[in-house]
There are 2 protein chains.
Amino acid sequence: MDVKKQATIVDVAKKAGVSVATVSRVVNGNYPVKQDTKERVKEAISSLNYVPNVQARELNTRKSSTIGVVVPGLHNMFFAEVIDGIEDAVRQDGFSFLLNCAKNDPVQEMNAINALVARNVSGIIVISPNTKNISERFYEELVARVPLVFINGYHRIKGVSYVGNDEKLGSQIALEYLFGLGHKDIMFVRGANSDSYDIKEEAYRQFMEENGTLREDYILNIGEGNGVETVDSAMEALQGLIPRLKPTAICCCNDLMAVGALNACKRLGLSVPKDISIMGYDNISLSRLVEPKITTMDQNMFQLGSNAAKLLIENIHGGQSKRIMLDNVLIERETTGISM
Amino acid sequence: MDVKKQATIVDVAKKAGVSVATVSRVVNGNYPVKQDTKERVKEAISSLNYVPNVQARELNTRKSSTIGVVVPGLHNMFFAEVIDGIEDAVRQDGFSFLLNCAKNDPVQEMNAINALVARNVSGIIVISPNTKNISERFYEELVARVPLVFINGYHRIKGVSYVGNDEKLGSQIALEYLFGLGHKDIMFVRGANSDSYDIKEEAYRQFMEENGTLREDYILNIGEGNGVETVDSAMEALQGLIPRLKPTAICCCNDLMAVGALNACKRLGLSVPKDISIMGYDNISLSRLVEPKITTMDQNMFQLGSNAAKLLIENIHGGQSKRIMLDNVLIERETTGISM
DNA sequence: TATCACACAGAAATCGCTTTCTATTTTAGC
DNA sequence: GCTAAAATAGAAAGCGATTTCTGTGTGATA
């Protein structure tokens, strides 16, 4: 491929008959330059299609306007929506971001992070559903060199910024809501290996112990899986379990599982919410595209992402690390109703 | 925030008592270094947590292992799935990628591309649903400086690589399939401002003229909108139109519109596919999460993305530009049936 | 023992930019 | 009209790496 060489500042300087310093000054506008020199330089710039080399500039100034983002993947719309929020905030501050998918694998997550450090990113946002797999040491050393913001999860490392939801409280709200509708036989559906699921299960156990009876067989773990897989495995498992366990409500750890539960009910000929109520979590767009629309807890992923990005940029500019907790609000839709 | 300064090659050289050249050689392993010197250097490296500065390296070698990706946004899972494919292919070759969302705005698209060029990416992948808004000149000049791969759309610029689907053929296949099921009264649903919609409408018009009667009122343009919006506007428009126009099938330009159509039918009390058939396009994961599952044309977005990334990297390494056309295959599911 | 090749390591140039430090003009003030 | 202070522009150092060019020490060969 015949790639034309990019014009450099030297080319521009030559063409305009000035020094490189002057070109730099025209480009950055941080130093007085006479009007007609300025125009000559600008002309040279546009005629050569000159675009300053960001790498050289950043090498010189020891600043970088790129941040890194590590997510498990994009199969789950949850992450896509978070990234949307990050993108929005990041661009407003003239930053760019490198995206890496770690596929829920701690080794890939560490590799991704190291690659980002080598690329000189000025900060990193990490969404790691399962923090227990990575040593605290790793993160402690990391945060000594580059500002870090975690989104969700069990992060307790000192000096690390964090944006998350109080998922324990959110789960309580969801359960109280179902309880208020008269439900006592509430199943709980979760997946494997995620801090978030653990938090929610804890909330479920506590709530059921205090407000009813905790039945171990009401706790369903559908194992690993992302995106469509989650929906299918929830559906398959519940199709077998619902007739036997006869819950009046199903409280799911995320909307994908709720869609699976919904599909299971449809196949079993159960009417939702008349015969059984279903509750999701997250409020991904999918939850309002299915019929009936799913009642869920809104995590506001866009906010999660944009808050994380803003906080990171604040930290990059020297701000204190912070923990931001967002509220989860209940979105009442069509899959929940009074228990008969 | 107290960020520790990264160790540089000079620090390592000093600590190991060698020259920077030697350190560089140990790091890159492209030149003989005596065993015990090598070990001293490696020790210094790990004790200082030295990570070579990629920017400096790339500035010097005039190579960059970062590519840029420009998409309209992530609201539509279509793009998320394409990016998944890109990420996968890119990582395998040791590249990273910068992601930019252009929000269907030509100005933002050009800005995003310029930002990427300035960041010295070694290639760019562009998914631009509406190519008519950007001058060919812009792209012609761009491709002279950096390898480019377009995904989908009407791109005819010489020397530019392209990965896409034959959406005209795909649409024909879809229509033939519906026709084969006995449908003659087929509505066509599209959105505004997209090459892809234009191509599909063209196929629809041609097919209907040749195989039935083309009714202008059967062509529905639901306007702009992304993600959830698309579903809702399709639903609203069709809810009014279906009772009046009485189509036996609805052929949609993408799965979001098909979900909208499906929801409209549900509200109208029509049974799908008994009373009316619905056909989507793309095969995004959503299409098989709703009930009934949507019959659709598979675009295999993951392949689209990974092929584009592989082709781009090939081009970066000097390969010829190419046009790759993928097949769209019909995925028969539950929303289509014989016309009564 | 003299010679040659090779293994190894350092000095220095270079990548494209920013930014001091200096050297000129202008302009202002009196 | 003369001096002081801006305004303007260039030269050169430096950011952190790679790589060429050079110069050693060492072993093999004759």
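Being a predicted model, the structure only gives us computed values, none of them experimental. Quick note on labels: first sequence line is chain A, next is B, and so on, each numbered from 1.
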- Between P of D:dA17 and CD1 of B:Ile45, the distance in whole Å: 10 Å
- Comparing nearest nucleotides in DNA chain C, the 5'-proximal residue of the pair B:Asp36, A:Val27 is B:Asp36
- Between D:dG16 (C1') and A:Lys63 (NZ): distance, integer Å: 17 Å
- Message: Is A:Thr61 close enough to C:dT19 that one of its side-chain N or O atoms is under 4.0 Å from OP1 or OP2 there?
- Response: no
- Between CG of A:Asp11 and C1' of C:dC17 the distance, given in whole Å, is 13 Å
- Query: Counting side-chain heavy atoms from CB outward, which of D:dG16, D:dT18, C:dG16 is closest to B:Asn53?
  - Reply: D:dG16
- Query: Is there a side-chain contact between B:Val27 and B:Arg57, using heavy atoms and a 4.5 Å cut-off?
  - Reply: yes
- Task: Estimate the overall bend of the helix from C:dT1-D:dA30 to C:dC30-D:dG1 from the end axes over five pairs each, rounded to 10 degrees.
- Result: 40°
- Item | Heavy atoms from other residues, nucleotides or ligands near NZ of B:Lys103 exceed 12 (cutoff 6.0 Å) | yes
- Message: For B:Ala21 and B:Arg62, find the nucleotide of DNA chain C closest to each by heavy atoms; which residue's nucleotide sits nearer the 5' end?
- Response: B:Ala21
- Item | Short side-chain N/O contact from A:Asn28 to OP1 or OP2 of C:dT18, under 4.0 Å | yes
- What integer distance in Å separates A:Tyr50:OH from C:dG16:P? 10 Å
- Message: Apply salt bridge (Lys or Arg N to Asp or Glu O under 4.0 Å) to residues A:Arg91 and A:Glu87 and explain how you reach the verdict.
- Response: CA-CA 6 Å; A:Arg91 195 210 346 235; A:Glu87 204 270 346; 3.1 Å; yes
- Item | Atom pair distance, as rounded to whole Å: CG in A:Asn120 and C1' in D:dG16 | 10 Å
- Would you state whether a donor and an acceptor, one from the side chain of A:Arg25 and one from the base of C:dT20, lie under 3.5 Å apart? yes
- Answer whether the closest heavy-atom distance between the side chains of B:Lys15 and B:Leu48 falls below 4.5 Å. yes
- Item | Atom pair distance, as rounded to whole Å: CD in B:Gln55 and P in D:dT18 | 14 Å
- Message: Using OP1 and OP2 only, check whether a side-chain N or O of B:Thr22 sits under 4.0 Å from C:dG10.
- Response: yes
- Considering only C:dC8, D:dT18, D:dA9, which nucleotide approaches the side chain of B:Ile9 most closely? D:dT18
- Message: Surrounding CD of B:Glu43 (heavy atoms of other residues, nucleotides or ligands, distance under 6.0 Å), is the total greater than 12?
- Response: no
- Message: Need one value for B:Ser24: base, sugar-phosphate or nothing, where a base atom within 4.0 Å counts as base even if backbone is also close, heavy atoms only.
- Response: base
- Message: Assess whether a salt bridge exists between A:Arg145 and A:Glu141, defined as any Lys/Arg side-chain N lying under 4.0 Å from an Asp/Glu carboxylate O.
- Response: no
- For B:Asn30, answer base if it contacts any base atom (sugar-phosphate contacts may also be present), sugar-phosphate if it contacts only those atoms, and nothing otherwise; contact means non-hydrogen atoms under 4.0 Å. sugar-phosphate
- Message: Distance check needed: D:dT19 P versus B:Glu58 CD, whole Å only.
- Response: 13 Å
- Task: Between D:dA7, C:dA12, C:dG16, spot the one nearest the side chain of A:Leu59, thanks.
- Result: C:dG16
- If we only count heavy atoms from C-beta on, is the B:Asp88 to B:Asp84 side-chain gap below 4.5 Å? no
- Item | Phosphate contact (D:dT8 OP1 or OP2) by A:Thr37 side-chain N/O below 4.0 Å | no
- Evaluate the side-chain proximity of B:Leu74 to A:Glu81: yes if any heavy-atom separation is below 4.5 Å, no if none is. no
- Task: Take the protein atom CD of A:Glu39 and the nucleotide atom P of D:dT8, then report the distance between them rounded to whole Å.
- Result: 13 Å
- Note on the structure: Of the listed C:dG10, D:dA17, C:dC17, the closest approach to the B:Ser19 side chain comes from C:dG10
- Compare side-chain N and O positions of B:Tyr31 against OP1 and OP2 of C:dG10 and report whether any pair is under 4.0 Å apart. no
